[in-house]
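Each chain gets a letter, A, B and so on, in the order its sequence line appears, and its residues count up from 1. For the numbers below, each heavy atom of this structure counts, side chains included, while hydrogens, waters and symmetry mates do not.
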There are 4 protein chains.
Amino acid sequence: MDAKQILIMESAKKSFSLFGYKGTTMDQIAKIAGVGKATIYTFFENKEVLLHAIVQSLVAEMKAVAQQAIDQEQTTHERIHRAIYGILLFRKEHELLIQLSHEVQQYGNQVAQQALTSIEREVIDFMSQHIERAVSSGSMKPCDPKITAFIVFKMYVALVFDWEQHEPPLTDEKISELLNLYLMNGLAIS
Amino acid sequence: MDAKQILIMESAKKSFSLFGYKGTTMDQIAKIAGVGKATIYTFFENKEVLLHAIVQSLVAEMKAVAQQAIDQEQTTHERIHRAIYGILLFRKEHELLIQLSHEVQQYGNQVAQQALTSIEREVIDFMSQHIERAVSSGSMKPCDPKITAFIVFKMYVALVFDWEQHEPPLTDEKISELLNLYLMNGLAIS
Amino acid sequence: MDAKQILIMESAKKSFSLFGYKGTTMDQIAKIAGVGKATIYTFFENKEVLLHAIVQSLVAEMKAVAQQAIDQEQTTHERIHRAIYGILLFRKEHELLIQLSHEVQQYGNQVAQQALTSIEREVIDFMSQHIERAVSSGSMKPCDPKITAFIVFKMYVALVFDWEQHEPPLTDEKISELLNLYLMNGLAIS
Amino acid sequence: MDAKQILIMESAKKSFSLFGYKGTTMDQIAKIAGVGKATIYTFFENKEVLLHAIVQSLVAEMKAVAQQAIDQEQTTHERIHRAIYGILLFRKEHELLIQLSHEVQQYGNQVAQQALTSIEREVIDFMSQHIERAVSSGSMKPCDPKITAFIVFKMYVALVFDWEQHEPPLTDEKISELLNLYLMNGLAIS
DNA sequence: GATGAATGAGACTTCATTCAT
DNA sequence: AATGAATGAAGTCTCATTCAT
C-alpha cells in the first residue's frame with residue numbers, strides 16, 4: 001500500500017477521533033497529512049469511503065490481535081484471557097472512531113459493526129469448544145456450551161471493562177476469583 | 001407543555017431516527033410536523049438544542065419506567081425483572097437516537113450519557129441492598145453486594161438483550177433457569 | 001396624535017440611535033414601548049415608514065427651534081447666534097439618527113436631507129437680508145449678500161461645531177473675536 | 001494583489017454604491033464579478049470584511065491623491081488648491097460608500113472615519129506651516145496658524161463643494177477673489 | 001383596537017468535490 | 001502524479017409582516 005495513502009489514513013483517523021466525522025474537513029486532513037487536498041481524492045473516492053477504509057483497517061488490526069492471542073502456545077485459560085483482553089484494549093482505544101461510522105449512514109455501516117461482532121463470536125466459538133470438551137470430560141456440569149461461552153465472555157467484559165468506567169479497576173487476581181465465585185461455585189449455600 | 005412543541009419534537013425524533021442528525025434538515029422536520037420552518041425556532045433555539053431536548057425527554061421517560069417498576073407491589077424478583085426489562089426495552093427502541101447525540105458534540109453530551117447510566121446505577125443500587133440483606137440473613141454466600149448486583153444486571157442484560165441480537169431469544173423460564181445455574185449453583189462439580 | 005403612537009416613536013428613536021436601523025428589530029421596539037408587536041403596524045405601515053416619521057418629527061422640531069430663535073426680541077447678532085446654535089445643538093444630538101436614513105434608501109431619503117438643509121437656508125436667508133441692509137447703509141463693504149451669509153454660517157459652524165471635534169472648544173468671546181478678525185478686518189496688513 | 005480579488009472589490013463597490021450594504025447580496029456581487037459566490041469567501045471572510053477592505057482601499061487612494069498634490073513642484077497656493085480639490089473630488093465621488101460603513105457597526109467604523117479626517121488634518125497641518133511662515137515674515141497679521149488653516153480649509157470646502165450643492169458653481173477666479181475678500185481684506189470699511 | 005403566534009422569503013456561510021495547470 | 005483555486009448545492013437561521021383571536 002502506498003505510504004502516502006497510509007499517511008492520509010493516519011491523519012484522518014487522528015482528526016476524526018478529535019473532532020468527529022462532520023467536524024473534520026478535507027482541508028484539515030490534508031493539512032495534517034501535509035498533502036494537497038485533491039491528493040486525498042486520488043486514493044479515496046469519498047470522505048465516506050475514507051472513513052470506511054479506516055474502520056476496516058481497524059477491524060483487521062483487531063482481528064489480528066485476537067487471532068494472535070489464540071494461536072499462541074499457552075494454557076487455554078491464558079489464551080482466552082489474552083484474546084478477550086486484546087479485543088477490549090482495542091475497543092477501548094478506538095471506540096470513538098467506531099461510533100463515528102454511525103454519523104455517516106444509519107444502517108449502512110452494519111458491515112463494520114458485524115465485522116467487529118464476528119471477531120467476538122470467533123472468540124466465543126473458541127471458548128465454546130473448550131467448554132464442550134470440559135463437559136464431556138466431566139470437569140464441568142452439563143450446560144449449553146454456546147450460551148455458557150457467551151456468558152463467560154460478557155462477564156469478563158463486564159468485570160474488566162465496564163466496571164472500571166465508574167469504579168476503581170479490579171486486579172487480575174480479583175477478577176479471576178470473582179469469575180470462579182460467580183460461575184463455578186455459585187452463590188448458593190450448599 | 002405546548003402541544004405544538006410536542007408535535008415538533010415527535011416529528012424531529014422520527015426524522016432523526018430515520019436519517020440521523022446530519023441527515024435531517026429543519027425543512028424536513030417542519031414538513032413532517034406540518035408547521036412553518038421558522039415555527040421550530042420559536043420553541044427551540046437551535047437544531048442542536050432540539051436534539052438535546054428530545055434526548056432529555058427520552059431519559060426522563062426511561063427513568064419513569066424504571067422507577068414505576070421498582071415502586072410496584074410485587075415480589076422483589078419480579079420488581080427487578082420489570083425494572084431491568086423496562087430499561088432494556090426502552091434502550092432497544094431508542095438506542096439509535098441516543099447514539100446520535102455523539103454526532104453533535106464529542107464530549108459535550110456526557111450529560112445525557114451519564115443520565116442514562118445513572119438510571120442503571122439506581123437499579124443496581126436497589127438490587128445491591130437486597131443482596132446485602134440476603135447475605136446477612138445467611139441465604140446467600142458472603143460477597144461484595146455492589147459487584148454482585150452489577151454482575152447480575154450485566155448477566156441479565158446479556159441473556160435478555162444481547163443474546164437475541166444473533167440467536168433466537170430465550171424464554172423467561174430459560175433465563176431464570178440459566179441465572180440460577182450460573183450464579184447460584186455454579187458450574188463446578190461439587 | 002395618539003399617545004401610543006408617540007410612545008412607539010420614542011422607543012424606536014432610542015433603539016435606532018443605539019443599534020442602528022438594521023440592528024433594531026420590531027420586537028425590540030415593541031418591548032421597549034411595552035406594546036404588542038402588531039400594534040406598531042396599526043400606526044406605521046412599515047419599519048421604513050416608522051423611521052421616516054421619526055426623521056420628519058426631528059426636522060420639524062429643529063425648524064421650530066430655529067424659528068423661535070429668529071422670532072425672539074433681541075439684537076440681530078444675538079438672534080443669529082441663537083438660531084445657528086440651536087441648529088447645531090440639535091444636529092449634534094441627532095446626527096446619528098439622520099445618518100440612519102441612508103441605511104434605508106440611498107436616494108429615497110433626500111426628502112429628509114433637503115428638509116434639514118432648507119432650515120439652514122432659511123437661517124441663511126434671514127442673515128442675508130440683514131447683510132443686504134448693512135451694505136446699503138454703508139456699514140459693510142459691497143458684497144454678494146447670499147454668499148456672504150453662507151460663508152458666515154459655514155464659518156460659524158466650523159468654529160463652534162467642527163473645531164471641537166478634535167480640539168478643545170473655543171469660548172464664545174474667542175469665537176466672536178475670530179469672526180471679527182477673519183471676516184471683518186481680514187488678515188492682510190494694510 | 002490578485003486580479004480576481006480586485007475584480008471582486010470593484011464589483012462589490014459598484015453594487016454597494018448602487019444598492020447600499022443591506023441592499024447588496026453576495027449573489028449579486030458574484031454575478032457582477034462573474035465568479036461563483038463561494039469564490040468571494042476565498043478572499044474575504046465576511047460581507048463585512050469585504051466592505052471594510054473597500055473602504056480602506058478608498059482611504060488609501062485618497063491619501064495618495066492628496067500627498068501627490070502636495071509633493072508636486074508648484075506654487076504653494078497651487079499645491080494647497082490641488083490637495084484640497086483632490087480630497088473634495090474624491091469625497092464627492094465616494095461619500096456614499098463611506099457612509100455605508102455606518103450600516104455595519106455604529107461605532108466600530110471610526111477607524112475609517114478617523115483615517116479620512118486624518119488626511120484632512122495633514123493637509124491642514126501643511127497649510128498651517130505656511131501660514132506660520134507668512135506671519136513670521138510679516139506678510140500676514142499675527143494669528144493662530146492652526147485655527148487659521150482650519151478656517152481656510154473649511155471656507156474652501158464651503159465655496160467649492162457645499163455651495164454648488166444648491167447654487168450654480170463658482171469659477172476658480174471667483175473663489176480666489178472671495179477668499180481674498182473675506183479672509184485677507186475683510187468686510188469692514190476701513 | 002390590540003396582540004403574539006406563525007411563517008415565507010431570503011440571507012449568509014460552509015464544504016465536498018472537480019479540473020486546469 | 002499532485003495540487004489548490006474555484007464553486008454549486010445545500011443548510012441554518014433571521015425577521016418583517018400578517019391574521020385569527
**Request:** Identify, between A/Lys37 and A/Phe43, the residue whose nearest nucleotide on DNA chain F lies closer to the 5' end.
**Result:** A/Phe43
**Request:** On DNA chain F, check which nucleotide each of B/Tyr41 and C/Tyr41 is closest to and give me the residue with the more 5' one.
**Result:** B/Tyr41
**Request:** Would you indicate what C/Thr39 reaches in the nucleic acid, counting non-hydrogen atoms under 4.0 angstrom: base, sugar-phosphate, or nothing?
**Result:** base
**Request:** Would you indicate what A/Thr25 reaches in the nucleic acid, counting non-hydrogen atoms under 4.0 angstrom: base, sugar-phosphate, or nothing?
**Result:** sugar-phosphate
Counting distance only, does the side-chain N/O of [X] pair as donor-acceptor with the main-chain N or O of [Y] below 3.5 Å?
X: B/Ser15; Y: B/Ser11; value: no
X: A/Ser17; Y: A/Lys13; value: yes
X: D/Lys47; Y: D/Tyr21; value: yes

Where do [X] and [Y] come nearest, in terms of heavy atoms and distance?
X: C/Ile8; Y: C/Ile40; answer: CD1-CA, 4.0 Å
X: C/Met9; Y: C/Leu50; answer: CG-CD1, 4.2 Å
X: D/Gln28; Y: D/Thr24; answer: NE2-CA, 4.4 Å
X: C/Asp27; Y: C/Lys37; answer: OD2-NZ, 3.1 Å

**Item:** Phosphate-side-chain proximity, D/Asn46 and E/dC12, N/O vs OP1/OP2 below 4.0 Å
**Value:** no
**Request:** Ignoring backbone atoms, establish whether D/Lys4 has a side-chain N or O less than 4.0 Å from OP1 or OP2 of F/dA6.
**Result:** yes
Write down the distance between [atom1] ([X]) and [atom2] ([N]), rounded to a whole number of angstrom.
X: A/Ile29; N: E/dT17; atom1: CD1; atom2: P; answer: 11 Å
X: B/Leu50; N: F/dG11; atom1: CG; atom2: P; answer: 16 Å
X: B/Lys31; N: E/dG8; atom1: NZ; atom2: P; answer: 12 Å
X: A/Lys22; N: E/dT14; atom1: NZ; atom2: P; answer: 13 Å
X: D/Ile40; N: E/dA11; atom1: CD1; atom2: P; answer: 13 Å
X: A/Glu48; N: E/dC15; atom1: CD; atom2: P; answer: 17 Å
X: C/Lys47; N: F/dT14; atom1: NZ; atom2: P; answer: 15 Å
X: B/Asp27; N: F/dA9; atom1: CG; atom2: P; answer: 17 Å

**Request:** Can you figure out which of F/dT12, E/dA16, F/dC19 approaches the side chain of B/Met26 most closely?
**Result:** F/dT12
**Asked** On DNA chain E, nearest-nucleotide positions of C/Asp2 versus B/Asp2: which is more 5'?
**Response** C/Asp2
**DNA chain F base-pair string [pairs: Watson-Crick or G-U under 3.5 Å; |: paired with another strand]** = .||||||||||||||||||||
